Number of protein chains: 2
Amino acid sequence: MTDLATVMQGLGRAAAGARSALARSSTATRNAALAAAARQLRDSRTAILAANAEDMAAARARGLSGAMLDRLKLDDSRIESMARGIEDIIALPDPLGSVSAEWTRPNGLVIQRVRVPLGVIGIIYESRPNVTADAGALCLKSGNPVILRGGSESRHSSSAIHACLVAGLREAGLPEGAIQLVPTTDRAAVGMMLAGLDNHINVIVPRGGRSLVERVQAEARVPVIGHLEGLCHVYVDRDADPDMANSIVVNAKLRRTGICGAAETLLVDSGCAPGVLPALLAALAEGGCELRGDALAQQADARVKPAAEADWRTEYLDAIISVRVVEGVAGAIAHIAQYGSGHTESIVTANAATAERFLAEVDSAIVLHNASTQFADGGEFGMGAEIGISTDRFHARGPVGVEQLTSYKYVVRGSGQTRPG
Amino acid sequence: MTDLATVMQGLGRAAAGARSALARSSTATRNAALAAAARQLRDSRTAILAANAEDMAAARARGLSGAMLDRLKLDDSRIESMARGIEDIIALPDPLGSVSAEWTRPNGLVIQRVRVPLGVIGIIYESRPNVTADAGALCLKSGNPVILRGGSESRHSSSAIHACLVAGLREAGLPEGAIQLVPTTDRAAVGMMLAGLDNHINVIVPRGGRSLVERVQAEARVPVIGHLEGLCHVYVDRDADPDMANSIVVNAKLRRTGICGAAETLLVDSGCAPGVLPALLAALAEGGCELRGDALAQQADARVKPAAEADWRTEYLDAIISVRVVEGVAGAIAHIAQYGSGHTESIVTANAATAERFLAEVDSAIVLHNASTQFADGGEFGMGAEIGISTDRFHARGPVGVEQLTSYKYVVRGSGQTRPG
């Protein structure tokens with residue numbers, strides 16, 4: 001019986017050992033592995049659903065909530081989604097080897113900045129088994145070996161999906177160390193990954209709820225890509241088109257309430273509040289949204305409950321919104337600076353100067369003018385797929401796609417130049 | 001008497017407080033501050049030299065070595081260098097607000113990736129007082145408040161230089177919190193910076209010897225930009241022009257032996273060693289270089305001492321070189337993978353395919369074909385100035401100039417778009 005440390009060190013070494021094969025692999029080879037994996041997912045429908053049934057039975061027996069069971073569940077349509085997601089990733093341009101900058105020095109040296117893989121990526125996730133396929137595929141596309149650690153409740157499903165990815169690797173002649181799944185539910189495995197697995201892991205990506213992300217950010221001894229909160233704001237300015245404001249606000253809050261780009265706070269300019277607030281609040285309430293607001297918001301609609309200070313700081317991930325009246329764009333900028341999480345903020349206005357000021361001064365990963373915060377998504381950005389959204393300032397900010405999962409090196413071509421002096 | 005924690009927290013708060021003024025400052029304002037600082041440096045020659053004389057006297061009394069005294073010493077020429085260095089930085093394009101990518105989505109959203117400051121930078125350095133000016137200017141240019149912690153032996157000099165920078169800030173109307181110097185030599189101040197100063201510091205840059213960098217990398221709880229070692233290689237391939245090989249090897253080792261881009265190991269292809277090795281070794285020896293090599297190198301020149309395993313792993317920063325004969329470019333790539341530090345490696349060859357293989361497969365921050373490793377420098381790269389060279393894969397790799405001291409945000413302009421589904 002091998003102990004945990006030995007198992008984990010083995011994963012680390014195998015992942016590190018796969019780095020150079022992946023770094024040198026051709027676009028065609030990596031795409032072939034992905035195509036084979038997608039085929040295998042479709043061909044293994046029955047086995048995957050059987051494994052998922054095991055996980056679902058255990059989850060029900062443990063009394064997991066409806067929402068959690070829904071995150072866990074796989075069906076034909078979700079398996080097809082996984083396969084199509086992998087095919088979308090195949091269609092993405094290969095970031096590896098691409099030249100992001102090139103210039104010639106006075107002495108004739110030609111310098112290029114060329115994209116290379118980031119290294120071994122550790123993905124720590126909960127519940128949703130499709131992350132096994134999505135994250136595995138993104139890492140492979142960008143030439144990074146990956147160590148996947150899914151939630152224990154989805155372990156049979158993840159294992160069945162992982163087997164399809166490995167079949168893809170084998171078919172393309174790539175090392176199996178390129179995509180590994182932690183084979184134990186022992187919680188101590190996570191701590192070992194966060195410590196960097198003997199320097200074999202280069203970066204950690206947590207995908208899950210707040211307590212997972214908090215733990216990872218607090219304990220990780222390697223860089224972490226991701227975000228803790230998506231406390232997004234929509235600011236309706238005095239020069240906003242009221243109909244545009246309505247449709248953007250309702251979409252931003254209610255299209256899907258559980259995603260990080262969902263708006264959690266509505267800020268309305270005092271200069272237009274009397275005129276636009278009632279319609280905004282009514283639209284939200286009729287959409288099933290609970291309203292919490294300041295005194296002016298309460299006056300505008302009887303359904304508005306009093307907002308406490310904590311409400312400005314709360315990411316509800318639900319059909320609840322905080323509403324505050326602010327003094328113009330300056331007030332909105334100040335409120336966001338104080339309460340925001342640096343994720344995504346939107347201004348609705350027809351005043352170009354006001355918009356430009358908001359866009360320039362709001363310090364978040366994504367700032368939008370006259371568009372919904374729900375566009376905070378790698379797919380919507382045209383990246384094809386994302387491994388998550390980062391609110392950090394280092395390395396990657398905003399949606400993290402294959403390009404952000406790369407590093408670079410400088411390639412310098414000369415004709416014998418030596419440096420003077 | 002204010003205790004250290006209070007002092008340091010004050011620095012952190014003032015730095016964080018300066019972030020938005022710097023982020024919003026115009027190119028002209030930051031350049032005006034830099035120009036005023038450069039003027040002030042020249043005008044304060046006498047005061048700076050007097051402060052330096054104090055530091056030098058104390059250093060001599062403590063018995064510091066000649067090399068250390070030389071690093072510490074300021075004179076008219078070095079002060080002029082500092083001022084000119086700042087003027088070079090003024091001449092650099094402003095990275096802030098520059099658009100690094102722009103695209104339009106099918107739904108009409110126009111997305112831009114725009115450069116923004118990184119945040120508060122903590123610079124921890126030793127001996128050389130000019131870092132106060134260089135690093136201070138780079139951070140200001142890129143909109144980042146900086147907390148400078150210099151070596152205690154240069155504290156009077158650094159303080160005099162810092163006063164000039166602050167005069168520049170005042171003249172341009174920028175907050176003094178933009179460039180602060182830790183006002184105490186208490187060693188515990190460094191630990192507080194490494195812990196992040198209550199989350200006020202976003203990134204740490206160590207500038208100094210190995211033990212400083214090791215400590216910073218081991219203890220820092222915030223991202224670190226820099227490198228531990230510059231164990232650079234020159235590989236002379238069988239298809240190398242012998243004269244080119246000679247001039248590149250001698251320049252790479254001996255132009256300046258104490259810099260990170262100095263070559264520490266010479267690898268020679270077995271396919272040409274008998275022919276080229278004697279001349280290479282003679283040129284190095286005549287240049288004053290001590291030679292340590294494997295059996296074949298020893299055979300080629302009597303001055304070659306036997307190399308031990310440790311010599312392949314040693315960054316001498318001196319006129320000493322390790323010499324090894326390898327089996328072609330594959331042997332060179334393997335040796336570098338095993339012993340290199342990921343900094344800078346060079347291949348000398350006239351064979352394009354061999355060169356491309358080396359450039360593709362060697363995983364270092366900088367790889368050169370037919371050029372000296374001594375070009376590993378921000379100035380030589382055309383960045384104007386650098387804060388250091390990074391061997392990490394995250395955020396910045398290679399020379400770190402003003403552009404690398406920035407983050408980015410996405411600015412999305414729409415016309416009312418809401419996300420479907």
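Residue numbering restarts at 1 for every chain, and letters A, B, ... go by the order of the sequence lines. Computed from a predicted structure; not experimentally measured.
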Does the side chain of [Y] come within less than 4.5 Å of [X]'s, by heavy atoms?
X	Y	value
A:Thr344	A:Phe375	no
A:Asp377	B:Arg419	yes
B:Glu380	A:Arg105	no
A:Pro145	A:Leu22	yes
A:Ser341	A:His227	no

message: I'd like to know if the side chain of B:Thr349 pairs up with that of B:Asn351 as donor and acceptor (distance under 3.5 Å, no hydrogens or angles considered).
response: no
Pairs of heavy atoms under 4.5 Å with chain A: top-ranked of [options]:
options	answer
B:Gln374, B:Arg221, B:Arg393	B:Arg393
B:Asp243, B:Val116, B:Val348, B:Ile111	B:Ile111
B:Arg19, B:Arg113, B:Arg397	B:Arg397
B:Asp241, B:Leu109, B:Asn202	B:Leu109
B:Ala376, B:Ser346, B:Ser247, B:Pro223	B:Pro223
B:Ile366, B:Thr406, B:Thr373	B:Ile366

Against chain B, work out which of [options] has the most heavy-atom pairs shorter than 4.5 Å and name it.
options	value
A:Gly421, A:Ser20, A:Gly261, A:Ser364	A:Gly421
A:Gly398, A:Pro420, A:Gly97	A:Pro420
A:Ala371, A:Ala245, A:Ser372, A:Gly416	A:Gly416

Part of [X] within contact of chain A (heavy atom distance under 4.5 Å):
X	answer
B:Ala352	neither
B:Ala23	neither
B:Leu405	neither
B:Ser415	backbone
B:Ala218	backbone
B:Ala252	neither
B:Gln112	neither
B:Glu345	neither

field: A:Asn107 atom CG, over 12 foreign heavy atoms within 6.0 Å
entry: yes
- request: Mind running side chain to side chain contact (heavy atoms under 4.5 Å, CB included) on A:Asn246 and A:Leu280 for me, showing each step along the way?
  value: CA-CA 6 Å; A:Asn246 248 295; A:Leu280 282 170; 4.1 Å; yes
query: In a check of side-chain contact (heavy atoms from CB on, under 4.5 Å) between A:Ile121 and each of A:Val203, A:Ile204, A:Ile225, which one passes?
result: A:Val203
At a 4.5 Å cut-off on heavy atoms, which part of [X] comes close to chain B: side chain, backbone, both, or neither?
X	answer
A:Leu96	neither
A:Ala337	neither
A:Ala220	backbone

message: Give me each pair satisfying ring pair (Phe, Tyr, Trp, His ring centres under 6.0 Å) with a member in residues 393-421 of chain B, each pair once, sequence neighbours excluded.
response: A:Phe381-B:Tyr410, A:Phe394-B:His395, A:His395-B:Phe394, B:Tyr408-B:Tyr410
- request: Starting at CZ of A:Arg357, measure out to CG of A:Leu359 and round the result to the nearest 0.5 Å.
  value: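 Reported to 0.5 Å precision, the distance equals 12.0 Å.
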